[in-house]
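Worksheet: one structure, shown below.
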2 protein chains.
Amino acid sequence: MKDLVSRCPIEEVMQVLSGRWPTLLVYYLKDGTKRFADLRRDNPTVSHRILTLELRKLEAAGVVQRTAFEGYPLRVEYDLTPAGLALVPLIDAISDWWEQNAPARSAASDVAEMPTPQVAS
Amino acid sequence: MKDLVSRCPIEEVMQVLSGRWPTLLVYYLKDGTKRFADLRRDNPTVSHRILTLELRKLEAAGVVQRTAFEGYPLRVEYDLTPAGLALVPLIDAISDWWEQNAPARSAASDVAEMPTPQVAS
DNA sequence: GCATGGTGACAAAAAGGTGCGTAATTTACA
DNA sequence: TGTAAATTACGCACCTTTTTGTCACCATGC
């Protein structure tokens, strides 16, 4: 998260989507408008500070729309932008990919060290 | 990267794909077999040590296949596993998504603070 | 003595967390 | 009637944990 500028787009997206929370927040927001407290309930392990920071990051990236209402108690709503909505199926796809390839991971365990297959030239 | 176990798959994948390097390494490996030094050339900013650690992580996740040959100088080859190959189009899709939504990001800038649209109830 | 892929000790930086303060209004209750 | 507390979203200061990086060093055969 230094520049948000790099040669290849993957590096840039990852500056936004890397970390524990961004994808998770998108995931929870796909159900529709949520308030700050809703998102905290959805994921009780985020600290309030990190949640605000992450939401701001996603807002800056154009993934999340933040709408603040005046008056007390404060009220702020978060939604996915169209861009954010477009991201949802992609995250789902990666999620599916993981689930499909998870069995392979647990099967091939840590036995295979230094396979030494050929000697080659 | 504590447990690699969580309620929802997204959290798990992100433990593997989060960070600057994992997706980038997959990206470079999609061209085919690469040796350690090749990957360093592809991305000169990874430190040598981090590269080994990241590759190990991807290997453990079943994304990358590591093949070590005996003899000196040492020779180690890295390839994508079938799972890793399956991941490539997904990363590309996210990459494309970013490129398509990049203009929107620079257009909507930081002017809109406290929009105060309705007052609601 | 260089090249290859790697390790371990340690330092720096980033990510994440805790807890307190703030605001205006409502509710609790004595 | 007066006061205390809760509510909501957040900023700030400080701290811990995790990640990433630097540096030196190993192994061996040409």
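All chains are named by letter (A, B, ...) in the order of the sequence lines, taking the proteins before the strands, and each is independently numbered beginning at 1.
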Which listed nucleotide (C/dA3, C/dG5, D/dG11) is nearest to the side chain of B/Val76? C/dG5

From CA spacing to verdict: side chain to side chain contact (heavy atoms under 4.5 Å, CB included), B/Phe36, B/Asp38: CA-CA 5 Å; B/Phe36 189 85; B/Asp38 295 331; over 6 Å; no

In this structure, how many angstroms lie between the [atom2] atom of [N] and the [atom1] atom of [X], rounded?
{"X": "A/Phe36", "N": "D/dA9", "atom1": "CZ", "atom2": "P", "result": "7 Å"}
{"X": "A/Glu77", "N": "D/dC10", "atom1": "CD", "atom2": "C1'", "result": "17 Å"}
{"X": "B/Leu53", "N": "D/dG21", "atom1": "CG", "atom2": "P", "result": "10 Å"}
{"X": "A/Arg75", "N": "D/dC10", "atom1": "CZ", "atom2": "P", "result": "13 Å"}
{"X": "A/Leu51", "N": "D/dT8", "atom1": "CG", "atom2": "P", "result": "14 Å"}
{"X": "B/Arg40", "N": "D/dT22", "atom1": "CZ", "atom2": "C1'", "result": "11 Å"}
{"X": "A/Arg56", "N": "C/dA15", "atom1": "CZ", "atom2": "C1'", "result": "18 Å"}
{"X": "A/Leu74", "N": "D/dA6", "atom1": "CG", "atom2": "P", "result": "19 Å"}

Within the structure provided, determine whether B/Val16 and B/Pro22 are in side-chain contact (heavy-atom separation under 4.5 Å). no

Walk along nucleotides 16-22 of chain C from 5' to 3' and tag each nucleotide B, S or - by protein heavy-atom contact under 4.0 Å, base first, then sugar-phosphate. BBBBB--

Compile the donor-acceptor pairs under 3.5 Å between side chains in residues 46-55 of chain B and protein atoms, sequence neighbours left out, one pair per line.
{"residue": "B/Ser47", "atom": "OG", "partner": "B/Ile50", "partner atom": "N", "Å": "3.3"}
{"residue": "B/Thr52", "atom": "OG1", "partner": "B/Arg49", "partner atom": "O", "Å": "2.6"}

Could you tell me whether B/Tyr27 atom OH has more than 12 heavy atoms of other residues or ligands within 6.0 Å of it?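 Open: at most 12 neighbouring heavy atoms sit under 6.0 Å from OH of B/Tyr27.
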
A/Trp21/A/Leu58 under side chain to side chain contact (heavy atoms under 4.5 Å, CB included): CA gap, chis, key distance, verdict: CA-CA 10 Å; A/Trp21 310 119; A/Leu58 289 173; over 6 Å; no

Check whether any side-chain nitrogen or oxygen of A/Arg35 sits under 4.0 Å from OP1 or OP2 of D/dT8, and answer yes or no. no

So, is B/Tyr72 near the phosphate of C/dC2, with a side-chain N or O under 4.0 Å from OP1 or OP2?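 Checking C/dC2 against B/Tyr72, no side-chain N or O comes under 4.0 Å of OP1 or OP2.
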
Salt bridge or not for B/Glu77 and B/Lys34, using N-O below 4.0 Å? no

Under a 4.0 Å N-O cut-off, is there an ion pair linking B/Asp79 with B/Arg66? no

